[in-house]
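Working notes, beginning with the structure itself.
Proteins get letters first, then strands, A, B, ... in listed order; numbering begins at 1 in each.
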Amino acid sequence: GLLLAALLVSHMLLTKEGVTSMPICPSGSVNCQLSLEELFDRAVKLSHYIHYLSSEMFNEFDERYAQGRGFIAKAVNSCHTASLTTPEDKEQAQQIHHEDLLNLILGVLRSWNDPLIHLASEVQRIKEAPETILWKAVEIEEQNKRLLEGMEKIVGRVHSGEVENEIYTPWDGLPSLQLADEDSRLFAFYNLLHCLRRDSHKIDNYLKVLKCRLIHDNNC
Amino acid sequence: DLLQWPQISKCRSPEMETFSCFWTAGNLYNLTVPRILQLLYKKSNEEDWKECPDYITSGQNSCYFNASYTSVWTPYCVQLASKNEVYDKKCFSVDEIVLPDPPIHLNWTLLNTSQTGIHGDIQVRWDPPPTADVRKGWITLEYELQYKEVNETKWKELKPRLSTMVPLYSLKTARDYEIRIRSRQRTSEKFGEFSEILYVSFSQMGIGCDHCTEEVEFPWFLVVVFGVCGLAVTVISIMLTKQPRLKMLIFPPVPVPKIKGIDPDLLKKGKLDEVNSILACHDNYKTQLYIDDLWVEFIELDVEDPDEKNRASDTDRLLSEDHLKSHSSLGAKDDDSGRASCCEPDIPETDFSASDTCDATSDSDQFKKATEKEEDLLCLDRQDNDESLSSLANTDLQRQHRSTQSENSHLWAPFGESIESPRPSVHTQISNQNSLASTDFYAQVSDITPAGRVVLSPGQKSKLGRAQREGCTEQNFTIDNTYFCEADVKKCIAVTSHEENEPRVQEQAYNEDGYFTTESLTTTVANLGASTAAPPSSEMPVADYTSIHIVQSPQGLVLNATALPVPDKEFNVSCGYVSTDQLNKIMP
């Protein structure tokens, strides 16, 4: 019975998309090099998983706190990463150079590092926050770090020579997460989660485009 | 009809490159005039509302935004308005409203069929919707396939998957199937529309068998067989198990037939004669459990319960000429105190043959005989007594010469004698219901003739004689503990004995107060014998009790010369019955 339960639990964990990585390089090996295809596969899996988590988290938050407060009407919200000019449609995405796109991806990921840390800590202060939201916030922050590392590896492989300027947008939304007024605070969370969902979708899309372009030669 | 405002029903992007919004006009007023309603839109970073660029491409009451107007991750707001009034407003971003078109080019190929040809596997393939640019990775779709038999109503669903082919296993070749597929963006929840239905028919391709219409039903036969075998194995294992508790739980022990009063050990030991004797008399015996005065233990009757009263008393049996047999149940009481048999344990020692002892039929006959003698367990009715007594007297007179020899075989038997005096009820074990004549309840049986007649001792004969003489007058009785004493009897005896007895015998009788020794009896008999055939004139009182000294087989009882000191005159006078109080006084 115990063995069966353990098997079931491990199966459930494994079927979560993109979480568990298949170790091609055994730990401790020095000269092991993953192929670019493998790196992109892992990156796409991670980005998909992050987008899935943030989408779920937003839906839960929306369901629990945002109903009846009219948050949806205030859809004209600006995310802190709006200053980064990222492709907005397919044409733009196809026209941008892959290195630039990679750098943009890195910039967005770096820009989210800070907000995710604070999100994980501040969401615990929300009154009666469900456990699912709490652990998702922590998980997203963790996975984002891993994706950042993977992207830096990819950039190191792909990039030919010069180190690009680091693209980065600072985040100044922490005070709004700590507002005394509960409505204002919750709206700040709502906005942040909405932006997170959108940006994770962007990154996921860009990586898939890059993967198809670079690995499969536009023939996924 | 209810008033229905114009409202935006939905906005949808099939490929994340364009989008369209659709609305309903409502029945507000006659808005059939086109273009009264307007759809205005605004991007998040803009200030002004712009009008819809294309009202036509997506059909009526729609607005189509082509690729140049579409920015994917940019928030939009659209509103439905007429000249002055805004009816509805919606805000969204394009990546949230993606609903892909259905897949196209569905087809199937046969993978293989089963050996019997009844089932087959197929592979279904399709192409992604043409509008979705999957090749460049701009959109990632997953597909859900549904299939069913043609005449079924409910669709079976497969899990959504990324690939554009899926195998279907174990389809029945005799049946036709329908397949449909729909798609959605991978991170979304909502599916797009279903594709066109694909029909699968095996017979068209020349596979499948027409005669293989029978289906493998649920193997009831096998289930039953295996179930029975399993159950049998379980039952056998339980029966053979060493665990008594489990065995008792599943198979509670069947209660063995228990015959009251029979010791199972006796049955096991296998003393057949004893068992037979016990069983034979069992029909007539019931446990004497409901006796009122159980403390009177030294009075023993062979008839123990009220039902028995309906049967002829032993005296009847003894006195009647037709049915006389030595009854092993005489004098035996069944107190159900764990005794093995319904009869006295002494009885088996007396070597009764099975046929003689406890003859059920004869006993039952005898018992049934005198129902009217219910209350005269120990005493006969006056009339009966007279008759029987006279007959007995006659027989005894004839057999006096034998009496000496048969002393050892005397049996005490209950014997009731009627006298002219009123009848006190004598206490017996069933006493309360009895009103008995004030008679002696025991008479010494001197002999039992082979013919079955009972020969009474001469002592009784004296009583008989006395009864005949009617010498005793009625007297008062001392009633002692519901004992009705035969005070008058004793007095009568005393009187008569005084008158007629020989002193020696008389003294003996008094000294022992009703207890005889064999010697005294012998003496008495001898004396009596010497007195020839005259009507019994000996006044020797017959003692009412004699304790049994020895039980001699087969039918002998040696009576004790019981030392029963008689301190009181009162005790002497009172009666032949000793109440417990008196007994307690007497006994050391």
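Taking CG of A/Asn219 as the reference point, atom CZ of B/Arg135 lies at 4.5 Å (rounded to 0.5 Å). Atom SG in A/Cys220 sits 13.0 Å away from atom CD1 in B/Ile139 (nearest 0.5 Å).
Side-chain contact check for B/Pro75 versus A/Arg198: some heavy-atom pair is nearer than 4.5 Å. Within the 4.5 Å cutoff, the side chain of A/Asp204 has no heavy atoms near those of the B/Arg186 side chain. The closest side-chain heavy-atom distance from A/His48 to B/Thr187 is below 4.5 Å.
Enclosure of atom NZ in A/Lys153 is not indicated, since only 12 or fewer non-hydrogen atoms of other residues, nucleotides or ligands lie within 6.0 angstrom. Counted within 6.0 Å of CZ on B/Arg125, heavy atoms from surrounding residues, nucleotides or ligands total 12 or fewer; the atom is thus considered open. Within 6.0 Å of CD in B/Glu46 there are more than 12 heavy atoms belonging to other residues, nucleotides or ligands.
In terms of non-hydrogen atom pairs under 4.5 Å with chain B, the most contact-rich of A/His201, A/Glu91, A/Gln94 is A/His201. Ranking A/Thr86, A/Asp199, A/Leu210, A/Asp89 against chain B, the residue ahead of the rest is A/Asp89, based on heavy-atom pairs under 4.5 Å. Comparing A/Lys202, A/His216, A/Lys208, A/Arg213 by heavy-atom pairs within less than 4.5 Å of chain B, the highest count is held by A/Lys202. Most heavy-atom pairs under 4.5 Å with chain A, from the set B/Val94, B/Thr70, B/Thr140: that is B/Thr140.
Looking at B/Glu96, the atoms closer than 4.5 Å to chain A (heavy atoms on both sides) all sit in the side chain, from C-beta outward. For B/Val134, the part lying under 4.5 angstrom from a heavy atom of chain A is the backbone only. Proximity to chain B is absent for every atom of A/Asp217, based on heavy atoms less than 4.5 angstrom apart.
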Just do the side-chain contact (heavy atoms from CB on, under 4.5 Å) check on A/Asn205 and B/Trp73 with the steps written out, would you? CA-CA 11 Å; A/Asn205 238 66; B/Trp73 293 281; 3.9 Å; yes
